[in-house]
Amino acid sequence: MPPETTNHPTTADDRPPFRYGAGLANEIEARWQDRWALDGVYHAPNPVGELANDSADLVDRPKLYVLDMFPYPSGTGLHVGHPLGYIGTDVFARFKRMTGFNVLHVMGYDAFGLPAEQFAVQTGQHPRVTTEANIATMRRQFRAMGLGHDDRRSVATTDVAFYRWTQWIFLQLFNAWFDEELGRARPIDALVDEFEAGQRLVVDDDHPDGRTWSSLSRLEQRAVIDANRLAYLDEAAVNWCPGLGTVLANEEVTPDGRSERGNFPVFKRNLEQWKLRITAYAERLVDDLDLIDWPEPIKLMQRNWIGRSEGARVTFVVAGRPDLAVEVFTTRPDTLFGATYMVLAPEHPLVDALTTSSWPHGTPASWKGAGLTSVAGVPSGGWATPRAAVDGYRAHSSQRSDLDRQIEAREKTGVFTGSFAVNPTNGDAIPVFIADYVLMGYGTGAIMAVPAHDTRDFEFASAFDLDVVGVVAPPDEWFAEHDLVSGAPAHLWPEAFTGVGSATNSANGEIELDGLSTPEAIAAISAWLRESATGDIAVTYKLRDWLFSRQRYWGEPFPIVYDQDGLPVALPESMLPVELPDVDDYAPTVVDDDDQSMPAPPLARADHWASVTLDLGDGPAPYRRELNTMPQWAGSCWYYLRYLDPTNDVAFVDPQVEAYWMQGTHSDGTPAFGGVDLYVGGVEHAVLHLLYARFWHKVLFDLGHVSTPEPFQRLYNQGYILAPAYKDTRGFYVEAVSVTGDETSGFVDADGNPVFRESGKMGKSLKNAVSPEEIYDTYGADTLRLYEMAMGPLDADRPWNTRDIIGVHRFLQRVWRNLVDEVTGELRVVDDAPSDELARLLHHTIDGVSDDMEGLRFNTAVAKLIELNNALGRVVGDLGGTPSVVADALVRMLSPLAPHIAEELWARMGHDESVVWAPYPSADPALLVADTVEIPVQVDGKVRARLSLPAGLPPEEVEAAALADEAVRAAIGDAEVAKVVVVPDRIVNIVIR
RNA sequence: GGGCGCGUGGCGGAAUCGGCAGACGCAGCGGACUCAAAAUCCGCCGCCGAAAGGCAUGAGGGUUCGAGUCCCUCCGCGCCCACCA
């Protein structure tokens, strides 16, 4: 041991005893967190009910609902990237409390889901046990951050008392139908009444003219009703993921045909599953985006996902088969004259009827499948009959996953059905194909193909040697770009012309489009379609109904049983909740053989639970329960409503409570649109959660259970925290904390092997997480909060840099030192008034910071507070302390951002009441207007002088002063002054010639 | 392939309505204090230049008295969607 060093005091002993550092911060923070919990300072009262007990004055304030997207309680706890949005909403909620609002701010847990179930599968421990332990850990972590939540209202979607109401909402969907005429959901009983009263006939494909209700059998009546419900069973192609042992919603499948979670391959299977009729709301889900204050990119993503297209439906009669007709959807009905063939999806129901027994004379070999190298089992020269071709091609396309389709780079394949259809505009007989580039799930599952004006049709026509007829004249430039003479016929074109132009080649005895612009031609042909009864304008959506069944254990059971006819029956409300039964094995049946595997839900193992005898009104009878569970999205569709009234056991939310929190008024008393006032979360929920939740909310609105058409008035997407991540030479991530080295010498892992730096979203998968505890140990929670708010705009991704944290820590240290003597611990606040200069800075700061807080610009708010504090630090020594009015305002302004240190200073300044509800300071307008302004003078755009002039000076006098300035005159020199631009109190620009 | 967004010092970022580019912080440099170091405090800190001055917001062009901000072309990065008829 070197003797010299031991003779000197250690670092810690040298520091003043009352300097703000990690030790003092940790002590202050723990103390105030206890006190806040004890006093319930974050409790927001309800107008009525159990939570209406205290703080009656608060409920008279305007309400403000600040909501976070609630987390999944993961077992690994939080890292510093998680709470960015939570700190942001907390700062905002605290700010708004101080400006006079009754602020609702709650945290809950989206606790159903795969990790707990997978852990249960591995350990045999009930997922509820792990889930509750994880929730307890997260609660502790949120508390340590000083987040001001009303803990009385916290819920987890796995609470039986919560999912009882999730089941209840499912019953609302089950017991409702969508009235297309009124454009809204109504109770299913109303539909039955209309049928019974004869106001409505039962129309289906077999009975296009309708049947009376009484002519149906009891089972037929039930089938009709069931088919109309918003929650219905449907046998349909679903996304079966053997790797996860469950089916998935379209939204949960990635574009390359794999599961979003786990990245397992996904296959199409026909299964009977619950679906929710979200498509009925497609139009309102698009239209009502105009009502809400969301980022435009998110609205755009929702619009794209819903995928509204305007166009026309056109009926093509099959040649020689007047009984058979195929309906197509097109967005370009103006190109109808150019339709030279048709394509049906392989799964289209009319394919069998269209498939002829033998190839028509002269059918090219390629139409019979010859040359389809990617299709297995094609005889050379093609299949012998259309039947064989259709069967062979269908077998091929049903076995291909979406992934395969992707790999094949969109090579166009298909076979001829043997049938021809009649183009209604010109009477041409055009061949009908099946091809997998036409999707059953969109439009009508059939298209008219216009190869001259559609890229995909052009590719198909090229491969199958089909006619290309141009019916929209491209501009001359288009021909020039393609090295064609203007007006060259379409069969010479190297690609389709998909733009707009003037119609050509489009006339028959009844209609002539030639010369019309594309929009005019669309209008004209649409009118003709309607008059000639061959079609009509139509709107189509990409959105599909929401697949709502999952073959999992850890989810909400459906409140549904099946009777002896195998038909679903809703359990009465009195039988809710349907609790999850215990099982001895939580594993879903996971099979990796994609050919034969079928989903098998774990609840099938709970024999005693699955088969029950119930009295549902007709005496005791045997039923079997629905064995699927709901997807994880279910709870998140409505949790924000349960926060309002979490203890209510007679309703999912009391209507008066719902009205208080959801139907706001603006602070000036005018009615606000309502809903959650601010909803903050990650952009990854742009379509899934946010679309599903809007859908449920609209159903609840239609049925009279909530009072606003939209749930979330203002949405804000916080950014992600990025951090350096390191990959080894094999491409695997290594723990970032173990990496040493730098950019110039290179990075190495713990064993000295070279690794390579990249940047990515902080988290477990990139092994670059930083735990909040590390930061608390060095600086405290207030510093962490402040750093996260100061490092950049809330909605931007930003790199985590531990080195930078010291900056905001020093700021807190200096605030503390300006108000508290570091040696004695005594308050350094004096009664003297601040100088005029300091007072002006203070009020400018108040004004700017208030504005920034309102706009969620916390980074610039922090910068302004630092400026004020730095200015204060320069004079505090001369004054012998901080002027009390400055200290008071500074602590109030600091408190939303760094609540613990602010609360401690507030108490030391002699306040008994918490700073949480103290009013936010307001700026004195008299101190915001300067009496002198500095005006830069430019000559030809370059600043040559700065004049200090009285504010509000008339432009002529400013101009005179500018022209009189020596430096300005020197810059002008001999040149002639052409023009002088004076922007009052801002700038002068002298233009010379 | 389509759509949307973003490019500002060594780094994170600021400039809210077209009006002094680089607030605030980190890093760096110099100084005070100290036997010394840490901590703390003070000062400097876009680039070129000794200075005067010139040049600078991805590149190029345009509009304007004036452009980081508006328009056009290109380059780079990010996100979303992707055979959607």
Side-chain angles (χ1 to χ4, degrees), chain A residues 4-5 7-8 10-12 14-16 19 21 255-256 295-298 300-301 303-305 307-309 311 328-332 335 343 405-406 408-412 435-439 441-450 453-457 459-460 540-543 683-684 686-687 787 790-793 796-811 813-814 817 822 848 851-852 855 857 859-867 870 873-874 877 934-943 945-946 978-983 985-992:
Chain A
E4 284 83 6
T5 57
N7 295 338
H8 300 292
T10 64
T11 302
D14 241 10
R15 291 200 184 147
R19 169 164 294 176
D256 59 355
E296 275 310 317
I298 303 295
L300 190 64
M301 282 163 71
R303 286 196 188 97
N304 288 342
W305 191 268
R308 179 189 158 95
S309 294
V328 304
F329 174 76
T330 175
T331 54
R332 291 292 299 272
T335 63
V343 185
R405 295 192 183 192
Q406 189 80 4
E408 282 164 24
R410 292 172 190 172
E411 179 203 340
K412 292 290 178 292
D436 62 8
Y437 84 91
V438 173
L439 310 173
Y442 182 74
T444 63
I447 62 159
M448 64 176 211
V450 185
H453 305 293
D454 181 279
T455 309
R456 298 147 301 176
D457 296 346
E459 289 167 4
F460 190 86
T540 295
Y541 300 90
K542 280 195 244 179
L543 186 70
V683 70
E684 74 270 19
V687 279
Y787 172 63
M791 64 200 288
D797 293 351
R798 63 305 264 303
W800 177 266
N801 197 339
T802 302
R803 192 176 67 179
D804 290 352
I805 300 174
I806 185 76
V808 287
H809 185 69
R810 284 178 190 147
F811 162 57
Q813 202 170 63
R814 285 194 289 259
R817 181 160 51 231
E822 290 187 327
D851 221 44
D852 286 344
R857 293 183 301 271
N859 53 331
T860 49
V862 172
K864 290 182 176 88
L865 288 172
I866 292 175
E867 281 185 84
N870 287 349
R874 282 190 285 273
E934 192 186 60
I935 299 180
V937 182
Q938 299 178 329
V939 177
D940 263 0
K942 292 189 197 314
V943 178
R946 290 167 214 281
K979 185 176 178 183
V980 178
V981 179
V982 178
V983 183
D985 288 353
R986 297 295 301 242
I987 202 166
V988 177
N989 193 10
I990 298 168
V991 188
I992 57 176

Note to self: Students often get this wrong, so: under 4.0 angstrom with heavy atoms, is A/V983 touching a base, only sugar-phosphate, or nothing?
What the structure shows: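 Base contact - A/V983 has a heavy atom under 4.0 Å of at least one base atom.
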Notebook entry, point to check: Contact class for A/N304 (heavy atom, under 4.0 Å): base, sugar-phosphate, or nothing?
Noted result: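 Nothing, no nucleic acid heavy atom in range.
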Name the closest nucleotide to the [X] side chain, picking from [options].
X	options	result
A/E867	B/G19, B/C24, B/A39	B/C24
A/A863	B/G66, B/C24, B/A85	B/C24
A/I866	B/G19, B/C26, B/C24	B/C24
A/N870	B/G25, B/C65, B/A85	B/G25
A/R814	B/A27, B/G25, B/A85	B/G25

Next item on the list: Mark up nucleotides 8-18 of chain B, 5' to 3', with B wherever a protein heavy atom is under 4.0 angstrom from a base atom, S wherever such an atom reaches only the sugar-phosphate, and - elsewhere.
Entry: ----SSS-B--
Item checked: side chain to side chain donor-acceptor pair (under 3.5 Å) partners of A/K542, counting only residues at least two apart ->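 Side chain to side chain donor-acceptor pair (under 3.5 Å) list for A/K542, sorted by chain: empty.
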Next item on the list: Kindly write out the residues that satisfy side chain to side chain donor-acceptor pair (under 3.5 Å) with A/R798, not counting sequence neighbours, or none if the list is empty.
Entry: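 A/R798 satisfies side chain to side chain donor-acceptor pair (under 3.5 Å) with no residue once adjacent residues are dropped.
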Dump the pairs, protein N or O against N or O of nucleotides 54-56 of chain B, anything under 3.5 Å, distances to one decimal.
residue: B/G54; atom: OP1; partner: A/R944; partner atom: NH2; Å: 3.4

Using atom [atom1] in both nucleotides, what's the gap between [N] and [M] to the nearest angstrom?
N	M	atom1	result
B/A23	B/G9	P	13 Å
B/C72	B/A15	C1'	25 Å
B/A21	B/U73	P	29 Å
B/C17	B/G68	C1'	15 Å
B/U69	B/G22	C1'	15 Å
B/C42	B/C48	C1'	29 Å
B/G61	B/A67	C1'	14 Å
B/C75	B/A82	P	26 Å

Provide, to the nearest angstrom, the distance between the [atom1] atom belonging to [X] and the [atom2] atom belonging to [N].
X	N	atom1	atom2	value
A/Y787	B/C26	OH	C1'	9 Å
A/H809	B/U40	NE2	C1'	12 Å
A/E459	B/C83	CD	C1'	8 Å
A/M301	B/C80	CE	P	7 Å
A/R303	B/C4	CZ	P	13 Å
A/R810	B/A38	CZ	P	12 Å
A/I298	B/G5	CD1	P	13 Å
A/F811	B/C24	CZ	C1'	10 Å

Notebook entry, point to check: If every non-hydrogen atom of A/N989 is compared with every non-hydrogen atom of A/D940, which pair is closest and at what distance?
Noted result: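 Looking at all heavy atoms of both residues, the shortest contact is OD1-N, 3.6 Å.
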Item checked: Exercise: identify the closest heavy-atom pair between A/V808 and A/A790 ->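 Result for this residue pair: CG1-CB, 3.9 Å.
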Note to self: Measuring only between side-chain heavy atoms, which start at C-beta, is A/R303 closer than 4.5 Å to A/R308?
What the structure shows: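 A/R303 does not reach A/R308 side chain to side chain.
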Check: So, do A/F811 and A/Y787 sit near enough that their side-chain heavy atoms are less than 4.5 Å apart?
Finding: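 SC-SC contact between A/F811 and A/Y787 ruled out.
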side-chain N/O [X] vs [N] OP1/OP2, d < 4.0 Å:
X	N	answer
A/Q813	B/U40	yes
A/R817	B/C41	yes
A/S309	B/A85	yes

Margin query: Looking at A/F460, I'd like to know if the NZ or CZ of A/K412 sits under 6.0 Å from its six-membered ring centre while staying within 45 degrees of the ring's axis.
Written below: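 That pair does not qualify as a cation-pi contact.
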Margin query: Pick the closest RNA chain B nucleotide for A/K542 and for A/L300 by heavy atoms, then say which residue is nearer the 5' end.
Written below: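 Looking at RNA chain B, the more 5' nearest nucleotide goes with A/L300.
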Check: Which sits closer to the 5' end of RNA chain B, A/G441 or A/V943, going by the nucleotide each is nearest to?
Finding: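 Its nearest nucleotide being more 5', the pick is A/V943.
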Checklist line | Which nucleotides of RNA chain B pair, in dot-bracket form (Watson-Crick or G-U under 3.5 Å, | meaning another strand) | finding: (((((((..(((......[....))).(((((.......))))).(((....)))..(((((..]....))))))))))))....
Check: How would you list, by chain and number, every residue that makes a salt bridge (Lys or Arg N to Asp or Glu O under 4.0 Å) with A/E684, sequence neighbours excluded?
Finding: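 Testing A/E684 for salt bridge (Lys or Arg N to Asp or Glu O under 4.0 Å), a comparison that skips the adjacent residues, returns none.
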